[in-house]
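A quick write-up on the structure given underneath.
For reference, positions follow the sequence shown, starting with 1.
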Amino acid sequence: MLSWRKSLVGLLVLAGITGAKAEDLVKVATGQRGNWDTSVFELGQSAGIFAKNGVKLEILYTQGGGETIQAVIAGSVDIGGAAGTAGVMSAFTKGAPIRPISNSTTGADDLFWYIAADSPIKSMKEAAGKTVAFSTVGSSTNLAVLAFARFYNVEIKPTATGSPASTLTQVLSGQIDIGWSSPPTGLDAIKENRIRIIARSSDMPEFRDQTVRMTVSNLDFITKKPDVLARYIKAYKETLDYMYANDEALVAYAKFIQTTPERAREVRDNFFPKKNLQAERLSGVEDAMKDGIALKFLREPLTKDQLDELFK
């Protein structure tokens, strides 16, 4: 059975041995500012959890997983959050200096696709010839849109639209037929009857228990700064526990995205169960490879040696 690289065991042990020193700067990129799962960095930093572990984050927001992967490969950031699994595998097979260090999101409870309220489209089965949004090439939303076309056997026009906020604008202005989103973006529009959900990633069985997004790192950072990476991972796991422990993180999250604690609770409890964000969780790799091949992210399955190199 596949497991994560030693960062989740050996590096946690290393973190306990080295302890927190003066704060080391770690540059992080992640897509979708304001999503609950991508807010680990902001919430952990504001709560002092990363500082307690001797880490100071510099956070950069991208338009999606594909852009995040490129930033990590280029070495302009040390760590990338919420990178699509197929995109990570594809980059690895091409020799990119990138490795996953933990799960970012398993399952697909959060991603949904929608149409303007006055659209005649009622389901993804009726999307033939329509523009269907995803964030960036190589992202989990890119993979999902291509999978929708296969799952429903429809010829669609996959279209990169960037963030949930920019996508919503394009749908409501008539530039895009079917938009994508992840809470909190879109919840107000749904309640105001401006948009209607027609599909979710979880509609497709293979996505329900698949690690769809990963946290990745530049190989140079992994090999040259293992003690910093160890303390980063320790802080990341502590932050996840903090985010589900009580209402303190909900209040901080509500302030971060400028909403109410009630809406923050709705986002967390209805779309992001804690088990889906657990750093050590890894599942559905075989399905991810099959999807990657069918959707032309991968030319062939990764060999056992490749998988061992990628995940250990």
Side-chain angles (χ1 to χ4, degrees), residues 2-5 7-8 11 26-44 50 57 59-73 77-92 98-111 134-136 138-144 163-164 182-183 201-202 207-218 221-222 229 232-244 253 267-268 271-285 287-288 292 310-311:
L2 289 170
S3 60
W4 286 108
R5 61 176 51 252
S7 57
L8 289 181
L11 286 179
V26 175
K27 297 180 179 180
V28 176
T30 188
Q32 319 324 332
R33 183 184 189 277
N35 281 18
W36 176 256
D37 59 326
T38 62
S39 295
V40 176
F41 312 110
E42 291 281 356
L43 296 179
F50 282 96
L57 299 181
I59 306 169
L60 167 71
Y61 288 99
T62 70
Q63 291 294 305
E67 192 175 308
T68 298
I69 288 171
Q70 290 305 312
V72 175
I73 291 172
V77 298
D78 305 308
I79 289 172
T85 299
V88 174
M89 289 181 172
S90 176
F92 169 77
I98 188 171
R99 299 290 186 274
I101 56 174
S102 74
N103 171 55
S104 189
T105 312
T106 293
D109 295 320
D110 60 312
L111 299 176
F134 65 90
S135 62
T136 58
S139 66
S140 58
T141 54
N142 187 188
L143 184 66
S163 70
S182 179
S201 284
S202 55
F207 281 5
R208 292 172 190 162
D209 193 42
Q210 185 182 128
T211 298
V212 294
R213 296 191 288 276
M214 299 175 170
T215 301
V216 296
S217 182
N218 185 281
F221 180 73
I222 292 172
L229 178 59
Y232 159 83
I233 291 174
K234 185 171 182 289
Y236 186 94
K237 288 170 65 68
E238 288 177 5
T239 301
L240 285 175
D241 289 338
Y242 158 74
M243 289 168 67
Y244 288 87
Y253 176 66
V267 170
R268 183 190 71 179
F271 295 94
F272 294 97
K274 184 179 180 181
K275 64 183 178 65
N276 284 8
L277 272 63
Q278 291 299 296
E280 67 276 5
R281 188 174 180 186
L282 175 65
S283 59
V285 173
D287 285 335
L310 184 62
F311 289 109

(request) Say whether, by atom type as modelled, one donor and one acceptor occur between the side chain of Thr38 and the main chain of Thr30 under 3.5 angstrom. (result) no
(message) Please find the pair of heavy atoms, one from Gly80 and one from Thr68, that lie closest to each other, and give the distance.
(response) CA-CG2, 3.6 Å
(request) Assign the ring pair Phe41 / Tyr232 to parallel, tilted or perpendicular, where the plane angle (0 to 90°) is split at 30° and 60°. (result) parallel
(request) Side-chain contact test, heavy atoms from C-beta onward, threshold under 4.5 Å: evaluate it for Val212 versus Ser201 and give yes or no. (result) no
(request) Return yes if some donor-acceptor pair links the side-chain N/O of Arg208 with the main-chain N/O of Ser202 below 3.5 Å, else return no. (result) yes
(request) Quick one: pull up CG in Leu143 and OG in Ser90 and give me the separation to the nearest 0.5 Å. (result) 11.0 Å
(message) Give me the atom names and distance for the closest heavy-atom approach of Ser104 to Ala82.
(response) OG-N, 3.3 Å
(request) State whether a side-chain donor-acceptor pair under 3.5 Å links Thr211 with Thr85. (result) no
(request) Would you please name every residue forming a side-chain hydrogen bond (donor to acceptor under 3.5 Å, both in side chains) with Asp110, sequence neighbours left out? (result) Ser182, Arg213
(message) Checking Arg99 against Val88 for the side chain to side chain contact (heavy atoms under 4.5 Å, CB included) test, could you report, in this order, the C-alpha distance in whole Å, the side-chain angles of both residues, the deciding distance, and whether it holds?
(response) CA-CA 8 Å; Arg99 299 290 186 274; Val88 174; over 6 Å; no
(request) Can you see which heavy atom on Gln32 is nearest to which on Gly64, and at what distance? (result) NE2-CA, 3.4 Å
(message) A side-chain contact here means heavy atoms from C-beta on lying under 4.5 Å apart; do Met243 and Tyr253 qualify?
(response) no
(request) Answer yes or no: is there a side-chain heavy-atom contact under 4.5 Å between Asp78 and Asn218? (result) no
(message) Under a plain distance cut-off of 3.5 Å, with no hydrogens placed, do Ser283 and Thr106 share a side-chain donor-acceptor pair?
(response) no
(request) Kindly compute the distance separating OG1 (Thr136) from CD1 (Ile69), expressed to the nearest 0.5 Å. (result) 7.5 Å
(request) Could you tell me whether the side chain of Phe271 reaches within less than 4.5 Å of the side chain of Asp37, counting heavy atoms only? (result) no
(message) Once rounded to the nearest 0.5 Å, what's the spacing between atom CD of Gln210 and atom OG of Ser140?
(response) 10.0 Å
(request) Apply side-chain hydrogen bond (donor to acceptor under 3.5 Å, both in side chains) to Ser163 and list each qualifying residue two or more places apart in sequence or on a separate chain. (result) Ser166
(request) Would you give the length of the straight line joining atom CD of Glu67 to atom OH of Tyr61, rounded to the nearest 0.5 angstrom? (result) 14.0 Å
(message) Testing the basics here: between Gly65 and Ser135, what is the closest heavy-atom pair and its distance to 0.1 Å?
(response) N-OG, 4.4 Å
(message) Quick test of your reading of the model: are Arg33 and Glu42 salt-bridged, counting only N-O distances below 4.0 Å?
(response) no
(request) Would you give the length of the straight line joining atom NZ of Lys237 to atom CD of Gln278, rounded to the nearest 0.5 angstrom? (result) 6.5 Å
(message) Quick check against the 3.5 Å criterion: does Thr239 have a side-chain atom that pairs as donor or acceptor with the backbone of Ala235?
(response) yes
(request) Decide yes or no for Val26 and Leu57: does some side-chain heavy atom of the first lie under 4.5 Å from some side-chain heavy atom of the second? (result) yes
(request) Quick one: closest heavy-atom pair of Asn35 and Pro183, and the distance? (result) OD1-O, 3.5 Å
(request) State which residues pass side-chain hydrogen bond (donor to acceptor under 3.5 Å, both in side chains) with Asn276; sequence neighbours excluded, sorted by chain then number. (result) Asp109, Arg281
(request) Taking the side chain as every heavy atom from C-beta outward, state whether Phe311 and Pro100 have any atom pair closer than 4.5 Å. (result) yes
(request) Would you give the length of the straight line joining atom NZ of Lys27 to atom CD1 of Ile79, rounded to the nearest 0.5 angstrom? (result) 13.0 Å
(message) The test is side chain to side chain contact (heavy atoms under 4.5 Å, CB included); show your working for Leu111 and Phe207 and say whether it passes.
(response) CA-CA 11 Å; Leu111 299 176; Phe207 281 5; over 6 Å; no
(message) Contact between Met214 and Ile101 at the side-chain level, heavy atoms closer than 4.5 Å - yes or no?
(response) no
(message) Tell me if a side-chain donor or acceptor on Thr141 pairs with a main-chain N or O of Phe134 at a distance below 3.5 Å.
(response) no
(request) May I ask you to test the Val72-Phe221 pair for a side-chain heavy-atom distance under 4.5 Å? (result) no
